[in-house]
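Have a look at the structure below, then the notes.
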Amino acid sequence: MEMNEVLLTYNEYITRLPKGCTIISNYLREDDIHKSMLGIQEFSEGVMWLIKANEILKEAGIHEQLNIKKIQQYLVEINDGLQRQDFVLVGDLFEYEIVPFFEEISESYTND
């Protein structure tokens with residue numbers, strides 16, 4: 001993948017994340033565990049890719065302001081909530097913490 005393609009994909013994914021996280025939260029609120037788990041799996045894979053892409057961009061001198069420690073903390077909290085089968089907690093985490101986190105980042109991309 002060329003650097004321009006990495007950057008384009010990275011930016012597109014960042015801007016789509018808030019909506020995807022809201023969908024996951026809604027599935028959890030609707031008690032649709034199957035769709036929730038699929039969404040969470042896709043979210044986890046996506047943010048892992050973002051972390052790798054962020055490192056690639058940083059090494060190429062394209063400075064990206066992605067708080068990787070915060071994202072990793074979210075992944076741990078999601079995993080803990082799922083292990084306890086506390087779907088309300090996981091839904092709240094997506095709605096009240098993860099969505100605003102990625103909305104703020106997304107806004108900086110759409111305002112550039």
Side-chain angles (χ1 to χ4, degrees):
M1 191 179 270
E2 287 187 31
M3 193 58 58
N4 287 341
E5 192 176 343
V6 171
L7 186 58
L8 180 65
T9 305
Y10 181 93
N11 291 343
E12 287 175 354
Y13 192 71
I14 287 281
T15 58
R16 289 193 329 252
L17 263 171
K19 183 178 180 184
C21 291
T22 299
I23 291 169
I24 292 169
S25 177
N26 289 340
Y27 284 149
L28 287 163
R29 302 238 182 281
E30 295 164 3
D31 219 17
D32 192 332
I33 303 306
H34 178 71
K35 287 183 181 176
S36 300
M37 293 304 109
L38 291 175
I40 291 169
Q41 180 180 351
E42 290 174 3
F43 169 80
S44 298
E45 291 169 359
V47 294
M48 294 306 290
W49 180 85
L50 275 180
I51 291 168
K52 289 177 187 172
N54 191 69
E55 288 302 313
I56 292 168
L57 294 171
K58 198 183 294 183
E59 288 171 9
I62 302 170
H63 186 63
E64 292 297 322
Q65 295 269 342
L66 191 61
N67 186 340
I68 293 172
K69 289 185 184 195
K70 188 70 171 171
I71 294 171
Q72 291 170 331
Q73 178 186 341
Y74 289 141
L75 292 173
V76 168
E77 290 176 23
I78 290 166
N79 190 49
D80 288 347
L82 292 176
Q83 285 180 345
R84 292 190 307 240
Q85 295 186 357
D86 189 341
F87 302 120
V88 172
L89 173 75
V90 176
D92 285 350
L93 180 63
F94 272 99
E95 183 175 357
Y96 300 114
E97 293 187 42
I98 299 173
V99 168
F101 174 82
F102 283 110
E103 279 178 339
E104 185 176 322
I105 294 169
S106 178
E107 286 172 11
S108 72
Y109 282 86
T110 55
N111 290 333
D112 285 344

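Remember, predicted model here, so these are calculated numbers, not experimental data.
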Which donor-acceptor pairs under 3.5 Å do side chains of residues 72-89 form with protein atoms, sequence neighbours excluded?
| from | atom 1 | to | atom 2 | distance (Å) |
| --- | --- | --- | --- | --- |
| Gln73 | NE2 | Glu77 | OE2 | 2.8 |
| Tyr74 | OH | Glu97 | O | 3.4 |
| Asp86 | OD1 | Leu89 | N | 3.0 |

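Two residues are said to be in side-chain contact when any heavy atoms from C-beta on lie closer than 4.5 Å; Leu66 and Ile14 meet this criterion. Side-chain atoms of Phe101 and Asn67, non-hydrogen and from C-beta on, do get closer than 4.5 Å to each other. Within the 4.5 Å cutoff, no side-chain heavy atoms of Met48 are placed close to those of Ile71. The shortest side-chain heavy-atom distance between Leu50 and Leu17 falls under the 4.5 Å cut-off. For the pair Tyr10/Ile62, no side-chain contact is recorded, criterion being any heavy-atom separation below 4.5 Å from C-beta on.
Checked for salt-bridge contact, Glu30 and Lys35 miss the test: no charged N lies under 4.0 Å from a carboxylate O.
When every heavy atom of Gly91 is checked against every heavy atom of Ser25, the shortest pair comes out as O-OG, 3.2 Å. Minimum interatomic distance between Tyr13 and Glu42 (heavy atoms only, all atoms of both residues): OH-O, 3.8 Å. Contact detail for Phe94 and Pro100: the closest heavy-atom pair is O-CD, 4.4 Å. Considering every non-hydrogen atom in both Trp49 and Val6, the closest pair reads CH2-O, 3.9 Å. For Ser36 against Leu28, the heavy-atom pair with the smallest separation is OG-N, 3.3 Å.
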